Amino acid sequence: MKKVVVIGCGSAGLNVIKVLRQHMSVEVVVIDKKNYNLFQSLLYQAATGELDPGHIASPIRSLMSNLKTKLN
């Protein structure tokens with residue numbers, strides 16, 4: 001099985017992983033300095049108290065396990 005290293009798990013990194021897993025049988029290794037993915041478009045709503053911060057920041061491990069479950 002081929003291995004692919006993805007640097008950064010932002011929106012682009014997540015999309016690359018999704019496409020690779022759909023079209024190829026590869027093992028994906030993710031390298032990121034943070035252990036969470038932040039959806040910055042809703043950051044102002046979390047700062048003003050309109051939205052729970054847990055809704056805009058997701059742990060990378062849970063995103064990968066959710067992605068793996070959806071694709072299998």
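The structure displayed is predicted, hence computed values, not measured ones.
- Separating the CG atom in Leu51 from the CG atom in Leu43 is a distance of 10.0 Å, to the nearest 0.5 Å.
- The shortest heavy-atom contact between Ala46 and Pro53 is CB-CA, 4.3 Å.
- Placement of Met24 and Val6 within a single hydrophobic cluster is found when ILVMFWY residues are connected by side-chain heavy-atom separations under 4.5 Å, directly or transitively.
- The shortest side-chain heavy-atom distance between Asn35 and Pro59 does not fall under the 4.5 Å cut-off.
- For the pair Leu14 and Cys9, the tightest heavy-atom approach, listed with the atom from each and the gap, is CD2-SG, 3.4 Å.
- Follow the hydrophobic side-chain contacts under 4.5 Å out from Ile17 and you reach Val26 in the same cluster.
- Residue Ile60 is grouped with residue Val4 when hydrophobic side chains (ILVMFWY) are merged at heavy-atom distances under 4.5 angstrom, including chains of intermediate members.
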